[in-house]
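One structure is given here, and the rest of the page talks about it.
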2 protein chains.
Amino acid sequence: MAPKAVTLIDVARAANVSRATAARALNGYGYVGGDAAERVLAAADRLGYRSNRVAQALRRGQLPLIGFMPGDIQNPFFARIAHDVDVDLRAFRHNLLIASSEEDPEQEVELLESLRSLNVRGFIVAPTSADNKEHLVRLVRDGTPLVLIDRALPQVACDSVTVDNEGGAREAVSYLIANGHRRIGLIQDDSRITTARGRLAGYIQALQSHGIEVDESLIIVSRSTVEYAIDATIRLFSRPSRPTAVFTVDSLMTQGALLGLRSMGLAVPHAVSLVGFDDFNLATFTDPQITVVAQPIAQIGPLAVKLLMQRINGSREPPHREQFPTRLVVRGSVSRPSRTPGR
Amino acid sequence: MAPKAVTLIDVARAANVSRATAARALNGYGYVGGDAAERVLAAADRLGYRSNRVAQALRRGQLPLIGFMPGDIQNPFFARIAHDVDVDLRAFRHNLLIASSEEDPEQEVELLESLRSLNVRGFIVAPTSADNKEHLVRLVRDGTPLVLIDRALPQVACDSVTVDNEGGAREAVSYLIANGHRRIGLIQDDSRITTARGRLAGYIQALQSHGIEVDESLIIVSRSTVEYAIDATIRLFSRPSRPTAVFTVDSLMTQGALLGLRSMGLAVPHAVSLVGFDDFNLATFTDPQITVVAQPIAQIGPLAVKLLMQRINGSREPPHREQFPTRLVVRGSVSRPSRTPGR
DNA sequence: ATGAAAGCGCTAACAC
DNA sequence: GTGTTAGCGCTTTCAT
């Protein structure tokens, strides 16, 4: 069935040269006679020769592949980065191997091993957990280029591209407080994820610096999908004394909160004020428009690629840990609480 | 720096057996003495041996990799499918190589070649163009498993998983007509994309079967991103005699239309009715909720994987061309036109 | 049950 | 300028 592929030998034979010469002509290195080169190229073309990158890789020790491991490719944040990385990598003639960890630490370890054994040249990873780092440490120790995105791990000595989660959350919650809210809910994802920790820390700081006590019953954990967040929102607002405002830690959860609140008949911002981390397409379409903490998402993928390629090309610089600032984009989803919070 | 990896030879030596025996023990085939096997496994574990999949691939002729080529990974439709494919492929211990064609036919050809030379075992692709099929025909001819998703190409003899674009569009537009609209705009993507053709055909059929003439000035082409669609919408509604309703061919464009209309002060559905192809998370959050043609998206990725793996496992069945029906989900974005169309 | 050895397709050091 | 050749790490046939 599958006709065996044309190999370098076939080309060499057809061009009446040795494999070495054929390879030189094809890859354009070393000395090759113009005449021979032409014959080789012609033969390759005629025969439909495609180099076998696996064989090349075995010989050279590496495959021009980059592993990208987001928490969830369906999250628009990661999809955008995947896109940007894919595009930028093309300039380096590298392909992208995407394997989502599904936010499962074990799966992250397994997939990483699996990709390592493919001799990929480097990784861009959004680590699922702050506690799960041995495999990454090992990776770095073995000299494999790695850049962490979205979530940095101080204990792993590698480049990272993140955002000021703490500051962003603090700004969002402070804004809510400045608008008179004191009972502010937090819908966040699993606290082993470092961004969740940072955003939680920002939330707590904002509260405490305004003398507001942190009420655990206002904090709820959800997986980062619209469906789970709807559910979490409903649970949060079904509790005896509900918050007057809520802060969500990513765009999928913001959308879930929106949907959840609506299903309970709670209008934004009249009944409940809302601020979300991470902007999204329809944030300005909803009525009201949603106030968000925007991240400079367009810069993340490109910088990650740049740092990674520098490592691949042998850079020995100390880790570059980029942390971009966030920006509070005030729209219309926050108003003063309509009445004093119940109890 | 990078300590050279532990190879099979190291393991064999440590276990005092030959490479052959070590390989047999590690891969669990052939006859291996229980004793030897144990020593090998222990040695492998102690040394931290990881098989070199590139070498295996060179030997076996294939890499357990599947190439996935969507038009745009940022489109939630493709992101969802990528996710489902990734997950299902894991059961077969295959990894996913995602390379977005960016809806560029040339790039599609190039990337496909590039992935082919990696000896990937099969492809799942959403072809960018109905006119650009030679490379796919060649792929199939060479016996490489291929399944087309979202967009089928009758001339390419391979499995495909699509949706009834024509029927879905016809139903949407008929619904608009049933609500009294006669000047119905169409915001679609490049007509070389087969889904665009199908949806356009459905649009035209619905119009004609109700005796409405097709007005080219109501059809506008946009790239499939929110930004481009906003722009297209504004252009469409800036024309002298604007439509009273509009049909958009994917969810990103639907969102763009929503944003564009709002920016022009045109309320949905009072000033303009709207139906979009492909459902999306916030379709029920917007006010009004958006009426859409829903696709059974959860079935696409899994079926594509199933078909592909069957081919990889040698199936010689004639091409399975699945075409799922769509479903019109009536929500609130359509009303009767407020006044007779101008002109 | 185990080992020896051929060879997957390619690159690059070395020889001519 | 071109050819020869030794592997890269692994699987697998063929002996034993």
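Because the structure is a prediction, the values reported are computed rather than measured. Just so we're on the same page: letters track the sequence lines, and every chain starts at 1.
With distances taken from any side-chain atom of A:S18 to the nucleotides C:dA1, D:dG9, D:dT4, the minimum falls on D:dT4. Listed nucleotides: C:dG9, C:dA5, D:dC10. Nearest to the side chain of B:N52: D:dC10. Among C:dG9, D:dC10, C:dG3, the nucleotide with an atom closest to any side-chain atom of B:T21 is C:dG3. Distances from the side chain of B:L58 to the nucleotides C:dC8, D:dT12, D:dG1 place C:dC8 closest. Closest approach to the B:R19 side chain among C:dG9, D:dG9, C:dG7 is made by C:dG7 (side chain taken as heavy atoms from C-beta onward).
Between B:Y49 and B:R24, the residue whose closest nucleotide on DNA chain D is further toward the 5' end is B:Y49. Mapping B:D35 and B:A55 onto DNA chain C by nearest heavy atom places B:D35 closer to the 5' end of the strand.
Put simply, CG on A:L63 is 13 Å from C1' on C:dC10, counting in whole angstrom units. Rounded to an integer number of Å, the gap from B:R39 CZ to C:dT2 P is 8 Å. One interatomic measurement links the two molecules: CD1 of A:I9 to P of C:dC10, which rounds to 8 Å at whole-angstrom precision. Straight-line distance from the CG atom of B:N27 to the C1' atom of C:dA1: 17 Å, rounded to whole Å. The separation between A:L8 atom CG and C:dA12 atom C1' is 13 Å, rounded to whole Å. Atom-to-atom, CZ of A:R60 to P of C:dA13 comes out at 13 Å; the value is rounded to the nearest Å. One interatomic measurement links the two molecules: CG of B:L26 to P of D:dT12, which rounds to 13 Å at whole-angstrom precision. One interatomic measurement links the two molecules: OH of B:Y31 to P of D:dC14, which rounds to 16 Å at whole-angstrom precision.
Exactly one of A:R151, A:E106, A:E108 qualifies for a side chain to side chain donor-acceptor pair (under 3.5 Å) with A:T128. That residue is A:E108.
A salt bridge does not link A:K306 to A:E322: none of the charged side-chain nitrogens sits closer than 4.0 Å to a carboxylate oxygen. Salt bridge present: A:D142 and A:R116 bring a charged side-chain N and a carboxylate O closer than 4.0 Å. For the pair B:D190 and B:R223, the salt-bridge criterion is not met [side-chain N within less than 4.0 Å of a carboxylate O].
Across all strands shown, B:V17 has heavy atoms under 4.0 Å from sugar-phosphate atoms exclusively, and none from any base. As judged by a 4.0 angstrom heavy-atom cut-off over every strand, B:A36 is placed among residues touching the sugar-phosphate backbone only.
Side chains of A:R53 and B:S114: a donor on one and an acceptor on the other come within 3.5 Å.
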